[in-house]
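The structure under discussion appears below in the form of C-alpha cells.
When a residue number appears, it is its place in the shown sequence, counting from 1.
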Amino acid sequence: MQLIECVPNFSEGVDLAVIKQITDVIESVDGVRLLNVDPGKATNRTVVTFVGEPQPVIDAAFLAIKKAGELIDMSRHHGEHPRMGATDVCPLIPISNITLEETAEYAKVLGKRVGGELNIPVYLYEYAQADKSRNNLSVIRAGEYEGFFKKIKLPEWKPDFGPAEMDAKRGATVIGARDFLVAYNVNLNTTSTRRANSIAFDVREAGRTIEGVKQPGLLKSVKAIGWYIEEYGIAQISMNLTNLNVTPLHIAFDEVCNRAQARGMRVTGSELVGLVPLKTLVDAGKYFLHKQQRSVGVSEKELIRIAIKTMGLDELAPFKPEERIIEYLLKDPSSAKLVSMTLADFADETASESPAPGGGSIAAYAGVLGASLAAMVANLSAHKKGWDDRWEEFSDWAKKGQQYKDELLKLVDQDTLAFNQIMDAFNLPKGSDEEKATRSEAIQAATKNAMEVPFKVMQAAYASMEVIKAMAETGNPNSVSDAGVAALCARAAVLGAFLNVRINASGCKDRVFADKMISEGAELERLAIELEWEILGIVGGKIG
C-alpha cells in the first residue's frame with residue numbers, strides 16, 4: 001500500500017469552530033486518517049496532519065483548501081507567522097512504498113485542480129517545482145499576503161495554476177512535495193525579537209549578510225527566524241529542520257543553547273509543531289544520555305522521556321508521545337494487544353478458555369524477560385561506582401539486550417496472530433473446488449507462518465544469550481544471579497518455541513520447508529542447552 005502524508009497549514013489558529021469545519025471535511029473522505037491538529041494563537045495558524053493512499057489524500061486536501069477559502073478572510077488576518085493564503089502551504093510527503101518523484105506528481109495534480117476548479121492562484125514548490133529559482137517556500141512567500149497583489153502581476157511570478165490575480169479573501173496557496181520536515185521552536189528567556197533573530201541568523205544555513213558579504217550559518221538544512229510570542233510572553237527561535245539526517249533535532253537544540261549563552265541569553269525549553277518521527281526523539285534521548293556518560297541501552301519509552309525533559313518539550317504544554325509521534329499514531333492496536341496488557345491481565349488472558357495466547361506467546365515472553373534481565377545487569381554495570389571508564393562497554397551490551405527484548409516483544413503478539421490466521425484459514429468456505437483450493441492454499445501459508453514466527457523466537461532468544469553470558473562473566477558481580485535467571489528464561493524460550501515449530505510442521509505439506517525448519521530448530525535447541533549450562537557454571541562459580 002502506498003501512503004503519503006499531507007500537512008496543510010491554515011491561516012486560522014484562534015477560532016476552533018472554523019478549524020473543526022476544515023478537519024471535518026478531511027475526515028469525511030474514506031481512506032484518510034486525521035493524525036494531528038495543532039493550532040497556534042500567536043501565529044494564528046493551524047498545522048493539520050493526515051495520511052492515506054494518494055488519491056484519498058488528494059481529495060481530502062482539495063476539500064480542505066476549498067473549505068478554508070470559504071471560512072477564512074485573509075484581508076482580516078494577523079499573526080506572527082509569514083503567510084499568503086487561507087491555505088498557506090500544502091505539502092505532500094512520501095511515507096511508504098512511494099517515491100518523492102511520484103509524490104510530486106500528485107502535488108501537481110492537486111495544484112492543477114485547486115487552480116482550475118477553485119480559481120485560487122497556486123504555486124508549486126520543492127520537488128514539485130521544476131524552476132529552481134522559485135522552488136523555495138520562503139522565496140515564493142516573500143512579500144506575504146499584503147505584497148502579493150503587486151508581486152503576482154510580475155511575469156516571473158505568474159502562478160503555476162489558477163488566475164494571475166490575487167484573491168483578496170482567500171489569498172494564494174503553495175502546494176508541493178518534500179521530505180519529512182520538522183517545525184521546531186526554541187524558547188528564550190527574553191522578549192526581544194531582535195536578539196532572537198541574532199541567534200536565528202547564527203544557526204540557520206542562510207546565515208546573514210554584513211556589508212554585502214554573505215556569512216553562512218552554523219547548521220545545514222535549517223531555516224530559522226526569531227519572533228515574539230505574546231501568548232507565552234517570550235521570544236522564540238522558529239526553525240524548520242528540512243533534513244534530519246543532516247541536522248537532527250538535538251543538534252539544533254544544542255547549537256541554539258550555545259549561541260544563546262554566548263549572547264547572554266538562556267534556552268528555557270522548546271516546542272514541536274505537528275508530528276515527529278520516532279527516530280528523532282529516540283536519537284535525541286541517546287545523544288543526551290551519551291553526553292552524561294550514561295548507558296543508552298534503556299527502553300524506547302525512557303529515551304523519549306529523556307529527550308522531552310532535556311529539550312523542555314513540555315514547558316509550554318503537555319507533550320504526549322502517543323499523540324505526537326507519527327509511528328505511534330499509525331500503529332495497528334491489534335499488533336500489540338498482548339504486550340500492552342498489565343501482567344495480571346496477560347496472565348488472566350492466558351489462563352482463559354481461549355487457545356491463544358498459548359505456549360508460543362509465552363515462550364516469546366520468557367525470552368523477553370531473559371533479554372530484559374541481561375540489559376538490566378549491563379545498565380547496573382555501566383553505572384557501578386568505580387567502573388566509570390567502562391560505561392560505554394556496558395552501554396553497548398545494554399543496547400544489544402534492549403534490541404533483543406524489543407524484537408521478542410513483537411513476537412509475543414505475532415505468535416497469537418499467526419495462530420488466529422490458521423483458524424481464519426480453516427473457516428474459509430469450501431463449497432466449490434475453487435473455494436477448496438483457495439482454502440487449502442491459505443491454510444498452508446498460515447501454517448508456514450506459524451512455524452516461522454516461533455523459529456524467529458528461537459533465533460532471537462538464543463542470540464540474547466551472548467549478552468547474558470557476557471554479563472555473567474564481566475558484569476556487576478552483585479547481579480550475577482540475575483544473569484543466571486536470564487539464561488534459564490532464554491533457554492525456556494528456545495525450547496518452548498521449538499515445540500511450536502514442531503507441532504505446526506506436522507500440518508505442513510511442504511516437507512522440504514518443514515524438514516529444514518525442524519533440522520535448524522534442533523540445532524538451535526542443542527546450542528541453547530549447551531550455552532545455558534556454560535552460563536550457569538559461570539554463575540555458580542561466582543555465587544559459591
Do side-chain atoms of Asp413 reach the backbone of Lys337 as a donor and acceptor pair under 3.5 angstrom? yes

Between Ser361 and Asp415, is there a donor-acceptor pair closer than 3.5 Å when you use the side chain of the first and the backbone of the second? no

Just wondering, do Ile325 and Ile304 contact through their side chains at under 4.5 Å, heavy atoms? yes

Taking atom types as modelled, is there a side-chain donor on Lys405 or Gln402 under 3.5 Å from an acceptor on the other? yes

Main chain of Cys508, side chain of Thr447: is a donor-acceptor contact present, judged purely on distance under 3.5 Å? no

Quick test of your reading of the model: are Lys400 and Asp396 salt-bridged, counting only N-O distances below 4.0 Å? no

Sidechain-backbone polar pair: Asn500 side chain, Gly496 backbone, donor-acceptor under 3.5 Å: yes

For Tyr127 and Ala104 the tightest heavy-atom approach is O-CB, 3.5 Å

State, yes or no, whether a side-chain contact exists between Ile58 and Leu92 at a heavy-atom distance under 4.5 Å. yes

Under 4.0 Å between a Lys/Arg side-chain N and an Asp/Glu carboxylate O for Asp38 and Arg324? yes

Counting heavy atoms not belonging to Lys223, are there more than 12 under 6.0 Å from its NZ? yes

For the side chain of Asn379 and the backbone of Ser295, is there at least one donor-acceptor N/O pair under 3.5 Å apart? no

Determine whether Glu452 and Lys456 satisfy the following criterion, salt bridge (charged side-chain N to carboxylate O under 4.0 Å, His left out), listing intermediate values before the conclusion. CA-CA 6 Å; Glu452 289 172 333; Lys456 289 177 183 177; 6.0 Å; no

Within the supplied structure, the quantity of interest is the number of heavy atoms (other residues, nucleotides, ligands) at a distance under 6.0 Å from Asp30 CG; does it exceed 12? no

More than 12 non-hydrogen atoms from neighbouring residues, nucleotides or ligands closer than 6.0 Å to CZ on Phe419, yes or no? yes

List the steps and the verdict of side chain to side chain contact (heavy atoms under 4.5 Å, CB included) for Glu466 and Tyr404. CA-CA 11 Å; Glu466 175 200 11; Tyr404 292 129; 4.2 Å; yes

Do you know which two heavy atoms are closest between Asp88 and Ser11, and how far apart they sit? CB-OG, 4.1 Å

Near Leu428 CG, under 6.0 Å, is it more than 12 heavy atoms from other residues, nucleotides or ligands? yes

Using 0.5 Å steps for rounding, measure from the OG1 atom of Thr280 to the OH atom of Tyr184. 11.5 Å

Of all the heavy-atom pairs spanning Ala461 and Ala493, show the shortest one and how long it is. CB-CB, 3.6 Å

Side chains of Val276 and Ile326: closer than 4.5 Å at any heavy-atom pair? no

Without swapping roles, check the side chain of Thr103 against the backbone of Ile93 for a donor-acceptor pair under 3.5 Å. no

4.5 Å side-chain heavy-atom contact, Gln2 and Ser96: no

Is a donor from one side chain sitting under 3.5 angstrom from an acceptor on the other, for Thr87 and Thr173? no

Point-to-point distance, once rounded to the nearest 0.5 Å, from CG of Leu338 to CG of Asp345: 11.0 Å

Check this for me, if you would: do Glu327 and Lys331 make a salt bridge, where the nitrogen-to-carboxylate-oxygen distance has to be below 4.0 angstrom? no

Within the side chain of Asn9, is there an N or O that forms a donor-acceptor pair under 3.5 Å with the backbone of Val7? yes

Just wondering, more than 12 heavy atoms not from Arg502 lying within 6.0 Å of its CZ? no

Would you indicate whether Lys509, at its atom NZ, is surrounded by more than 12 heavy atoms from other residues, nucleotides or ligands within a distance under 6.0 Å? no

Between CE of Met471 and CZ of Phe394, what distance do you get to the nearest 0.5 Å? 5.5 Å

Can you list the steps and then say if Glu302 with Ser299 is a side chain to side chain donor-acceptor pair (under 3.5 Å)? CA-CA 5 Å; Glu302 178 63 9; Ser299 68; 5.5 Å; no

Check step by step if side chain to side chain contact (heavy atoms under 4.5 Å, CB included) holds for Leu303 and Val298. CA-CA 7 Å; Leu303 289 171; Val298 296; 3.6 Å; yes

Do Lys108 and Asp160 sit within salt-bridge range, that is, some charged N less than 4.0 Å from a carboxylate O? no

Val467 and Gln403, any side-chain heavy atoms less than 4.5 Å apart: no

Can you confirm whether Glu322 is buried at CD, in the sense that more than 12 heavy atoms of other residues, nucleotides or ligands lie under 6.0 Å from that atom? yes

When you measure from the side chain of Thr46 to the backbone of Phe10, do you find a donor-acceptor pair of N or O atoms at a distance under 3.5 Å? no

Approximate separation, where rounding is to 0.5 Å, of Leu329 CG and Leu35 CG: 5.0 Å

Using side-chain heavy atoms (C-beta onward) and a distance below 4.5 Å, is Arg439 in contact with Phe426? yes

Does Lys516 pair with Glu520 as a salt bridge, N-O distance under 4.0 Å? yes

Strictly by modelled atom types, are Asp59 and Gln55 linked by a side-chain donor-acceptor pair under 3.5 Å? yes

Salt bridge (charged side-chain N to carboxylate O under 4.0 Å, His left out), that's the test. Do Lys67 and Asp24 meet it? Break it down for me. CA-CA 10 Å; Lys67 181 61 70 173; Asp24 279 350; over 6 Å; no

If you measure from OG on Ser340 to CG on Leu409, what distance do you get to the nearest 0.5 Å? 11.0 Å

Reported NE2-to-CG distance for the pair His250 and Asp283, which is rounded to 0.5 angstrom: 6.0 Å

Between Lys169 and Glu70, is there a donor-acceptor pair closer than 3.5 Å when you use the side chain of the first and the backbone of the second? yes

Geometric class of the Tyr365/Phe346 ring pair [parallel <30°, tilted 30-60°, perpendicular >60°]: tilted

Give a yes or no answer on whether the side chain of Glu435 reaches the backbone of Gly431 with a donor-acceptor pair at less than 3.5 Å. yes

If you compare all heavy atoms of Ala528 against all heavy atoms of Val494, which two are closest, and at what distance to 0.1 Å? CB-CG1, 3.7 Å

With side chains defined as the heavy atoms from C-beta onward, is the minimum distance between Val174 and Arg141 less than 4.5 Å? no

For a quick test of reading the model, state the closest non-hydrogen atom pair linking Val501 to Met451 and the distance between them. CG2-O, 3.7 Å

Hey, is Arg491 close enough to Glu532 for a salt bridge, meaning N to O under 4.0 Å? yes

Looking at side-chain heavy atoms only, is the closest gap between Leu531 and Tyr462 below 4.5 Å? yes

Minimum heavy-atom separation for Gly274 to Asn36, with atom names? CA-OD1, 3.6 Å

